[in-house]
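These notes are about the structure you will find just below.
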Amino acid sequence: MHFLKLFFNALVIIGLILLVARLVTVALRFAGIEFTTFFVDYSFPSLGILLVGALGSWFIDKRQK
């Protein structure tokens, strides 16, 4: 159970990093500064990582209580 908690917390952290990178990419493109489109092109997988991590962490925390 401890491994799953660490795994889901890692997914949340990775998902948040990808979310921040997507927001920076959009802000820079809106400002007219050329930047990589990697984070915009792969936005659905990064949202999936964040969602799975958040739901997994929530279920693990709920189950331990």
Side-chain angles (χ1 to χ4, degrees):
M1 194 62 72
H2 181 68
F3 172 75
L4 284 175
K5 185 174 182 175
L6 288 175
F7 177 72
F8 287 127
N9 286 341
L11 285 180
V12 169
I13 291 170
I14 292 169
L16 288 175
I17 290 170
L18 291 172
L19 175 69
V20 168
R22 256 193 1 247
L23 292 175
V24 168
T25 302
V26 169
L28 289 176
R29 290 183 58 94
F30 182 71
I33 301 170
E34 287 297 321
F35 195 68
T36 182
T37 60
F38 175 78
F39 297 108
V40 176
D41 295 340
Y42 294 102
S43 63
F44 290 115
S46 66
L47 282 175
I49 290 170
L50 182 61
L51 185 64
V52 167
L55 287 176
S57 293
W58 182 68
F59 282 128
I60 295 294
D61 287 341
K62 190 172 182 170
R63 190 173 187 189
Q64 287 181 351
K65 291 181 182 180

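- The OG1 atom of T25 lies 11.5 Å from the CD1 atom of I33; values are rounded to the nearest 0.5 Å.
- There is a path of hydrophobic side-chain contacts, each under 4.5 Å, that joins L28 to V20.
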Legend entry - Worked verdict on L19 versus R22 for side chain to side chain contact (heavy atoms under 4.5 Å, CB included): CA-CA 5 Å; L19 175 69; R22 256 193 1 247; 3.2 Å; yes

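- Shown here are the side-chain contact (heavy atoms from CB on, under 4.5 Å) partners of I14, two or more places apart in sequence or in another chain: L18, I49.
- Pairing each heavy atom of V52 with each of F8, the nearest pair is O-CD2, 3.8 Å.
- Considering all non-hydrogen atoms of both residues, V12 and S57 come closest at CG2-OG, 3.9 Å.
- Between atom CG of residue L55 and atom CG of residue L50 there is a gap of 9.5 Å, rounded to the nearest 0.5 Å.
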